[in-house]
Amino acid sequence: MTRRKIIIDTDPGQDDAVAILLALASPDELEVLGITAVAGNVPLPLTQRNARMVCELAGKRDTPVFAGCDRPLAHTLVTAEHVHGKTGLDGPDLPEPTMPLQDTHAVDFLIDTLRAHPSGSVTLCPLGPLTNIATALQRAPDIAPRIAEIVLMGGAYFEVGNITPAAEFNIYVDPEAADIVFRSGAPLTVMPLDVTHKALVTAPRNDAFRRLGTPVGVAVAQMTEFFERYDKEKYGSLGAPLHDPCVTAYLIRPELFTGRHVNVEIETGSPLTRGMTVADWWGVTDRAPNAMFMGAVDADGFFALLTERLARL
């Protein structure tokens with residue numbers, strides 16, 4: 001398998017943290033060129049802080065972290081402290097980061113990196129609202145054909161919404177940005193709620209993290225124990241869905257996932273369904289497919305990969 005050059009765009013978030021850790025634990029498959037923070041689960045000062053904390057937890061202080069957009073393109077920021085806690089990484093007691101935040105704005109880093117590398121060699125991995133990615137595409141339209149692939153967590157089709165009846169959180173926070181990304185022409189692979197809700201951290205799976213006996217394993221167990229209380233109460237599920245690590249797992253083991261190449265449109269106008277990902281799963285329109293929308297995951301294989309890789313850190 002060819003080693004992928006990736007940029008992780010993120011708003012940590014406990015599940016974002018696990019996705020980052022999985023990437024940093026997989027250098028044979030993934031070269032993390034940088035991590036770009038965006039406002040989402042919590043405001044930007046916390047997401048950039050949390051990204052650096054996770055890099056330090058992994059022992060990867062040389063991973064450059066860039067701060068990006070602090071608000072959506074057109075609306076007031078909506079955050080999710082009710083899920084992730086006031087810091088976004090509630091659960092483990094992690095030390096404040098000491099590694100530096102890069103001076104370059106995340107959007108400039110995205111543009112410069114895509115222009116500097118051979119066309120089709122850099123994959124973007126958004127784990128939160130798509131504000132940074134859309135802003136880069138608006139400022140520099142020439143980068144769109146240079147993107148190898150955008151693999152993102154967001155949206156839903158049968159599961160529908162988790163922040164409103166119709167919308168998934170990442171898309172809802174900045175649907176205008178999502179619309180730009182989905183219309184960009186870049187190859188898109190999407191991990192919607194329909195997949196991520198099948199990747200549940202049950203008690204035995206969380207015990208496996210803790211039994212690693214490492215700071216990383218214990219911290220991941222504490223993270224999932226913190227935010228699973230919300231999902232168990234809301235969905236009656238056996239544990240917390242690990243949304244964002246599905247993105248990283250796909251990059252390493254794409255065979256764990258199955259889906260369909262379909263047309264996906266983003267609702268930006270209706271107050272009732274704002275942020276909805278309207279996926280033509282059954283091909284009932286003549287709109288051209290623009291995204292590989294995943295529908296299923298081998299959950300046992302996913303957690304086996306995750307546990308094995310976390311043990312490396």
Side-chain angles (χ1 to χ4, degrees), residues 7-13 16 35-48 50-51 66-84 88 104-111 114 124-144 147 150-157 160-186 188 190-193 243-244 247 263-280 287 290-291 293:
I7 298 172
I8 300 173
D9 188 71
T10 181
D11 61 337
D16 303 70
I35 296 175
T36 52
V38 68
N41 284 322
V42 286
L44 183 66
L46 289 173
T47 61
Q48 58 89 355
N50 293 348
F66 304 82
C69 298
D70 64 357
R71 68 197 67 186
L73 296 182
H75 291 267
T76 302
L77 177 66
V78 175
T79 55
E81 289 89 350
H82 62 290
V83 179
H84 299 281
T104 304
H105 192 281
V107 171
D108 294 322
F109 171 72
L110 286 163
I111 294 169
L114 286 163
L124 305 183
C125 306
L127 310 178
L130 291 162
T131 316
N132 284 342
I133 310 299
T135 303
L137 288 165
Q138 283 184 314
R139 289 188 190 172
D142 61 287
I143 66 173
I147 299 169
I150 299 175
V151 183
L152 67 93
M153 188 278 135
Y157 48 102
V160 199
N162 65 352
I163 188 68
T164 73
E168 179 275 330
F169 178 81
N170 285 346
I171 305 299
Y172 177 78
V173 170
D174 199 343
E176 287 76 17
D179 186 54
I180 290 168
V181 171
F182 275 77
R183 294 181 186 275
S184 68
L188 290 174
V190 182
M191 298 292 162
L193 296 179
H243 305 287
D244 296 327
V247 168
N263 179 268
V264 182
E265 303 285 333
I266 309 298
E267 177 57 57
T268 60
S270 167
L272 188 63
T273 56
R274 173 177 164 77
M276 185 175 185
T277 44
V278 184
D280 187 9
R287 296 194 291 269
N290 62 344
F293 228 54

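Sequence positions, counted from 1, serve as the residue numbers for this chain. Atoms considered below: every heavy atom in the structure, side chains included; atoms not considered: hydrogens, waters and symmetry mates.
Nearest heavy-atom pair, Ala134 versus Val181, reported as atom, atom and distance to 0.1 Å: N-CG2, 4.0 Å. The heavy-atom pair separating Ala291 from Val264 by the smallest distance is CB-CG2, 4.0 Å. Val247 and Met153 get closest at one heavy-atom pair: CG2-N, 3.5 Å. The minimum heavy-atom distance linking Ala186 with Ala144 is given by the pair CB-O, 4.1 Å. Between Gly155 and Glu168 the shortest heavy-atom distance is N-OE1, 2.8 Å. In terms of heavy atoms, Asn41 sits closest to Asp11 at N-OD2, 2.8 Å.
Counting only heavy atoms from C-beta outward, the side chains of Leu114 and Ile147 approach each other to under 4.5 Å. The side-chain heavy atoms of Asn290 and Arg183, taken from C-beta on, include no pair separated by under 4.5 Å. For the pair Val190/Phe182, a side-chain contact is recorded, criterion being any heavy-atom separation below 4.5 Å from C-beta on. Within the 4.5 Å cutoff, side-chain heavy atoms of Pro72 are placed close to those of Leu77. You'll find the side chain of Pro43 reaches within 4.5 Å of the side chain of Glu81, heavy atoms only. With a 4.5 Å cut-off on side-chain heavy atoms, Leu110 and Phe66 do not count as touching.
Summarising the geometry, atom CG belonging to Leu127 is positioned 11.0 Å from atom CE belonging to Met191; distances are rounded to the nearest 0.5 Å. With rounding to the nearest 0.5 Å, the separation of CG in Leu137 from CG in Asp142 is 10.0 Å. Here Ile8 contributes atom CD1 and Leu124 contributes atom CG; the two are 11.0 Å apart, rounded to the nearest 0.5 Å. For the atom pair CD (Gln48) and CG (Asp70), the distance works out to 11.5 Å, reported to the nearest 0.5 Å.
Of the options Thr36, Asn132, Ile133, a side-chain contact (heavy atoms from CB on, under 4.5 Å) to Ile7 is made by Thr36 and by none of the others.
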**Request:** Begin from the C-alpha positions of Thr10 and Asp16 and carry the test side chain to side chain donor-acceptor pair (under 3.5 Å) through to its verdict.
**Result:** CA-CA 7 Å; Thr10 181; Asp16 303 70; 3.0 Å; yes
**Request:** Apply side chain to side chain contact (heavy atoms under 4.5 Å, CB included) to the pair Leu152 and Leu188, showing each step before the final yes or no.
**Result:** CA-CA 8 Å; Leu152 67 93; Leu188 290 174; 4.2 Å; yes
**Request:** Dump the intermediate steps for side chain to side chain contact (heavy atoms under 4.5 Å, CB included) on Asn170 and His243, then the final yes or no.
**Result:** CA-CA 11 Å; Asn170 285 346; His243 305 287; over 6 Å; no
**Prompt:** Stepwise, does the side chain to side chain contact (heavy atoms under 4.5 Å, CB included) test hold for Val42 with Asn50?
**Reply:** CA-CA 10 Å; Val42 286; Asn50 293 348; 4.2 Å; yes
**Asked** Does the pair Leu130 and Ile171 meet the rule for a side chain to side chain contact (heavy atoms under 4.5 Å, CB included), with working shown?
**Response** CA-CA 7 Å; Leu130 291 162; Ile171 305 299; 4.2 Å; yes
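With Thr273 contributing its side chain and Met276 its backbone, the two residues share no donor-acceptor pair below 3.5 Å. A donor-acceptor pair under 3.5 Å is formed between the side chain of Thr47 and the backbone N or O of Val38. Not a single donor-acceptor pair under 3.5 Å links the side chain of Thr277 to the backbone N or O of Ala279.
Under the 3.5 Å distance criterion, with hydrogens and angles disregarded, a donor-acceptor pair is assigned to the side chains of Asp174 and Thr131.
Heavy atoms of other residues, nucleotides or ligands lying less than 6.0 angstrom from CZ of Arg274 number more than 12. Around the OH atom of Tyr172, the shell of radius 6.0 Å holds no more than 12 heavy atoms that belong to other residues, nucleotides or ligands.
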